[in-house]
Amino acid sequence: MTEKIELAPQYDPTAIEAATYRRWLDAGVFTADAESPREPFVIVIPPPNVTDRLHMGHGLNNTVQDVLIRFERMRGREACWLPGTDHAGIATQNVVERMLVKAGLNRHDIGREAFVERVWEHVHTTGGTILEQLKAIGASCDWSRTRFTLDDSYSTAVRRVFVQLYDEGLIYRGHRVIHWCPRCLTSLSDEEAEFHETDGTLYYIKYRLVEPQGGSVAGVAEAAEAADDPDEAEYVTVATTRPETMFGDVAVIYHPDDERYDLAGREVEIPLSGIRIPVRTHVAVEQDFGTGMLKITPAHDANDFDTARDLDPDGAMPVIMTEQARMTEGGRVPPVLRGLDRFEARRRIVDMLRASGQLEKIAPHRHAVRHCYRCDTVIEPRLSDQWFVRMKPLAEPALAAYHEGRLRFVPDRWGAVYQRWLDEIRDWNISRQLWWGHRIPAWYCTDAACGHITVSETDMTACAKCGGAVRQDEDVLDTWFSSWLWPFATFGWPTETEDLARFYPGDTLVTGPDIIFFWVARMVMAGCHFMGDIPFDTVFLNGIVRDTQHQKMSKSRGNGIDPLDVVARFGADALRFTVIAGSAIGTDVILDPHDLETSFAAGRNFANKLWNVGRFILQNLADTPAPLDQLDPAQFELADRWILSQCQRTIAEVTEAIERYRLNEAAHRIYHFVWDDLADWYVEQVKPRLYGQVRGGDVARGLLAEVFGTALRLLHPIMPFVTEELWGHLPGTDGTLLAAAPWPERQPSLNDAEADDRFARVQELVGAVRAIRAEYGVAPGRAVRAYVQPASLDAAEACNAEQRTVERLAKIGTLTFGPAPEEPGAHAVLADGSALAVPLGDAIDLARECARLSAERDRIAGLLRGVAAKLANQQFVERAPAEVVDRERAKEQTWREQRDALTQKLHALGC
RNA sequence: GGGCGAAUAGCUCAGCUGGUCUAGAGCGCCUGCCUUACACGCAGGAUGUCGGGGGUUCGAAUCCCUCUUCGCCCACCA
């Protein structure tokens with residue numbers, strides 16, 4: 001006994017999504033079993049910032065991961081998609097600091113401990129929101145394994161790594177110029193200081209030559225003689241974009257080969273200050289740029305730092321700016337400029353130089369300026385003490401993995417990006433002057449005489465060397481110093497857990513190309529170094545979500561789309577279908593934030609189409625239909641064989657497309673099968689059988705259930721909600737979940753080229769009649785009579801077998817084989833007003849077939865000529881080396897076979 | 001300065017190893033339809049010198065060269 005299935009005529013995602021997700025959770029289908037005998041398939045999520053809210057980029061990235069993980073889960077792998085969040089040092093600290101500012105406070109007012117507590121509070125109340133939002137788009141993460149990069153256990157891993165690298169000599173404390181953000185008040189790594197092309201100004205400043213105090217008198221005299229021009233004798237002109245740093249200059253240099261100058265050993269005076277600095281030569285100068293004369297400011301420019309150290313390893317490196325990038329209150333800065341912001345100071349200095357005649361000229365100058373990747377403030381290079389990781393030794397195994405093909409990128413062009421960065425890798429500044437993060441596990445002895453630094457996994461209370469008092473380093477570690485451990489720290493490392501043994505290494509990493517350096521490359525390095533193996537073998541780079549102006553979507557630009565809005569209006573499946581179908585492999589996804597309807601209607605419509613196909617089928621399956629293997633193939637009609645054949649093709653193509661990461665192709669292929677093949681043709685063809693108008697209803701029902709069930713399974717990774725809901729109504733699924741159902745298997749025996757071909761002719765015939773009906777404006781309710789000339793093509797025979805199909809689908813009253821009546825009214829409404837005679841000889845006639853044959857003939861003839869030409873070219877081969885000859889002989893043989901085959905075909909076509 | 005990518009219908013894009021590409025899809029547009037699953041639908045239709053110019057080939061949207069226009073990444077000419 002089967003109750004009539006009642007489904008709404010329109011699919012309402014909001015009515016089922018939450019409940020469906022709950023069913024998945026309750027059944028535990030997302031939870032990976034470390035003891036399962038199945039082969040694991042592991043994806044670790046790129047952990048979003050703990051304070052993030054879901055945006056379209058997450059929507060795309062996580063949908064891609066979910067498609068892969070659901071696909072592999074259905075294919076029988078023990079799928080583990082590990083979710084979690086990142087503490088995101090600077091970003092999160094900034095968020096909480098802004099909240100404090102609103103309350104009229106800054107972090108120093110409340111102190112470090114209270115501040116960190118505030119951040120934890122914030123993270124606990126709002127943190128993890130994004131994980132909840134991921135559920136809304138259907139992400140099938142293993143929530144039992146959710147991790148946070150600041151968990152206690154994670155800290156253990158971070159400390160272990162720090163200590164190990166320190167012991168190996170790969171972490172060291174360095175004194176050098178680093179990228180400093182004067183707003184975030186922390187140092188940054190090279191990757192965090194982004195270049196922006198900027199229209200700047202090049203200032204040409206005159207530095208007055210002065211007599212050296214206690215220098216070589218002879219050298220001065222020669223230099224003075226060498227200069228003919230009195231001005232040149234008096235000044236050297238230095239070109240700089242940053243006049244405000246000049247009080248930090250320690251030298252002015254030119255290239256030793258530069259014949260314009262002969263000033264080495266002389267001294268110049270820094271304008272506005274009277275500070276004397278030497279003129280030196282050094283190869284770091286580019287002679288063609290500016291005047292060929294370069295000022296050296298070691299404390300405020302990384303290159304100058306290197307040059308200065310080269311010139312004088314023990315030389316002074318005066319700092320003339322505060323951490324806030326204001327001119328210092330003392331030291332070399334002239335009193336009128338003290339305390340000024342760097343840009344204000346620049347304006348004042350330029351004015352003063354102009355007034356004193358020391359500004360020779362200014363010129364516009366476009367150059368790349370580094371900005372903080374978190375707050376976009378212009379970076380201020382700054383001399384300071386920081387912790388660094390020596391990267392070169394870590395990079396080597398990561399490069400080897402790529403070169404040996406163990407690690408691959410999809411699309412592969414990103415491999416070159418990865419490789420280049422590793423080839424030219426520089427040491428990584430890992431200390432941040434923040435409060436939110438993993439505090440650096442280093443303790444300094446307070447006894448200056450001892451000065452020992454103790455690096456330890458456990459908290460220290462006494463110096464390891466002298467036993468004296470210690471204080472811990474105030475700084476925290478770069479967020480990425482914890483992220484790079486994600487693929488194994490999340491599974492319990494350094495403890496040798498069952499999870500770690502089972503789920504490391506993982507399989508595929510899905511992320512954006514923008515964090516290849518920040519994260520991907522570093523994870524590979526960490527994996528190789530600490531686990532002895534790469535953390536994943538495939539890196540699948542998804543594109544970036546942009547608006548119609550091709551601008552990256554972001555909240556600050558105001559061009560964002562809130563995925564939850566989309567879910568509410570169109571459903572999660574519509575969102576998922578749109579981003580998957582809308583992006584070819586590795587290309588960006590363009591969506592219009594001002595027209596969600598246009599962007600997402602296709603996905604919503606498709607979900608609805610599927611819903612209604614399902615509704616129709618379910619309403620017509622009285623009882624549990626017979627499974628495919630219990631149906632008698634002898635009773636199959638052409639359409640049955642055809643739909644099974646198409647279904648096979650779809651299984652093969654969808655499977656292959658996902659395996660090749662061509663998810664958009666998988667989406668389009670299943671879309672086409674459901675909408676065009678199944679709904680538009682097969683369901684229509686089958687109706688008379690279902691309605692009992694003709695025999696064969698049971699076969700039709702069995703095949704509908706079979707084919708529709710397959711379609712649901714193929715579509716499930718992309719559109720999990722609607723497919724799961726329909727699956728639940730399908731007879732015979734017995735409460736099983738589609739999410740845990742097996743992926744459809746290919747059955748090559750069901751491929752049926754003959755059926756494909758014959759049904760294509762039926763479709764052509766139907767299309768021809770429909771076109772004629774439309775052309776003649778035949779009212780929908782009115783039948784026409786169609787005549788097919790048997791002489792026209794052998795298709796008539798095929799059509800004969802499918803006469804009923806054609807009659808129904810083309811709404812023909814009768815289909816007759818034979819010439820159309822010669823009567824004058826053949827193209828008009830017949831006398832009884834009921835029918836129109838349509839001679840189909842016009843629609844699919846011999847001419848079309850001939851055209852096709854002739855095109856085919858031309859094509860084959862072309863191929864034949866090509867093969868003949870190749871064969872003709874072979875005469876040169878004889879002189880080649882033996883193995884080349886062998887290879888060429890083999891080719892020649894292939895060509896001969898091709899030639900013979902083509903010739904035969906041509907004969908078959910009557911040539 | 002170096003590298004990479006893109007330019008195909010009004011819009012957003014597919015088109016993988018040259019030959020069923022006589023170039024497709026979705027949206028939009030035009031015509032007719034509320035045909036007992038679906039108007040978030042059905043049927044039919046219009047629209048492209050595949051950025052320009054050369055070349056290779058029997059054959060090019062596809063391969064090569066070049067130009068133009070966009071976008072991205074990297075980079076110590078201050």
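In what follows, chains carry the letters A, B, and so on, assigned in the order in which the sequence lines appear, proteins first and then strands, with residues in each chain numbered from 1. It should be emphasised that the depicted structure is a prediction, and the values quoted were computed from it without experimental measurement.
- A/His672 places no side-chain N or O within 3.5 Å of a backbone atom of A/His668 that could act as its donor or acceptor partner.
- Look at A/Lys687 and you won't find any side-chain N or O under 4.0 angstrom from OP1 or OP2 of B/U36.
- Ranking B/A78, B/C38, B/C76 by closeness to the A/Asn303 side chain, first place goes to B/C76.
- Here the side chain of A/Glu286 is nearest to one of B/A78, B/C27, B/C40, namely B/A78.
- When the nucleotides B/C38, B/A78, B/C27 are ranked by their closest atom to the side chain of A/Asn608, B/C38 comes out on top.
- B/A9 and B/U62 have their P atoms separated by 15 Å, with the value rounded to a whole Å.
- Defined by atom type and a distance below 3.5 Å, a donor-acceptor pair is present between the side-chain atoms of A/Tyr373 and A/Glu192.
- Between A/Pro9 and A/Gly292, the one whose closest nucleotide on RNA chain B sits nearer the 5' end is A/Pro9.
- Nucleotides B/A75 and B/G2 place their C1' atoms 7 Å apart, quoted to the nearest Å.
- Across the C1' atoms, B/G19 and B/C65 are found 24 Å apart, a figure rounded to whole Å.
- Two rings, from A/Phe409 and A/Trp414, have their centers 6.0 Å or more apart.
- For A/Asn608 (side chain) and A/Gln10 (main-chain N/O), no donor-acceptor pair under 3.5 Å exists by modelled atom type.
- Paired runs in RNA chain B that reach 3 or more consecutive Watson-Crick or G-U pairs, where each pair keeps both distances under 3.5 Å, cover B:1-7 with B:68-74, B:10-13 with B:24-27, B:29-33 with B:41-45, B:51-55 with B:63-67.
- For the 3.5 Å distance criterion, the side chains of A/Thr245 and A/Lys295 qualify, holding a donor opposite an acceptor.
- Taking the six-membered ring where the residue is Trp, A/Phe577 and A/Phe606 present tilted rings, their angle falling between 30° and 60°.
- Within the 3.5 Å criterion, the main-chain N or O of A/Met293 finds a donor-acceptor partner in the side chain of A/Thr291.
- The side chain of A/Arg413 sits closest to B/C4 out of B/A37, B/A43, B/C4.
- Taking the P atoms as reference points, B/G10 lies 14 Å from B/G52, given to the whole Å.
- A cation-pi geometry, defined here as NZ or CZ lying under 6.0 Å from the six-membered ring centre and within 45° of its normal, holds between A/Lys687 and A/Phe616.
- Within 3.5 Å, no donor on the side chain of A/Glu684 pairs with an acceptor on the base of B/A43, nor the reverse.
- Spacing between B/A25 and B/G48 at atom P, rounded to whole Å, works out to 15 Å.
- Nearest to the side-chain atoms of A/Val285 among the listed nucleotides B/A37, B/A78, B/C40 stands B/A78.
- Taking atom P on both nucleotides, B/C30 is separated from B/C74 by 47 Å, rounded to a whole Å.
- Within the structure, a side-chain polar atom (N or O) of A/Arg662 is placed less than 4.0 Å from OP1 or OP2 of B/G15.
- Each of A/Tyr402, A/Phe518, A/Trp519, A/Phe517 was compared with A/Tyr418 under the ring pair (Phe, Tyr, Trp, His ring centres under 6.0 Å) criterion, and only A/Tyr402 meets it.
- For A/Phe289, counting side-chain heavy atoms from C-beta on, the closest listed nucleotide (B/C77, B/C16, B/C38) is B/C77.
- Atom C1' of B/A37 sits at a distance of 39 Å from the matching atom of B/C50, rounded to the whole Å.
- Not one side-chain nitrogen or oxygen of A/His367 sits closer than 4.0 Å to the OP1 or OP2 atom of B/C77.
- With salt bridges taken as basic N to acidic carboxylate O contacts below 4.0 Å, none links A/Arg242 and A/Asp301.
- The phosphate of B/G41 has OP1 or OP2 within less than 4.0 Å of a side-chain N or O from A/Asn605.
- Of the listed nucleotides (B/A37, B/A14, B/C42), B/A37 has the atom at the smallest distance from the side chain of A/Val613.
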Review point. Where along nucleotides 70-75 of chain B does protein come under 4.0 Å, by heavy atom, of base (B) or sugar-phosphate alone (S), with - for untouched nucleotides?
Key: ----SB

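- Atom name P, nucleotides B/C40 and B/C27: the rounded distance is 12 Å, in whole Å.
- Checked against B/A78, B/A37, B/C27, the side chain of A/Thr240 finds its nearest nucleotide in B/A78.
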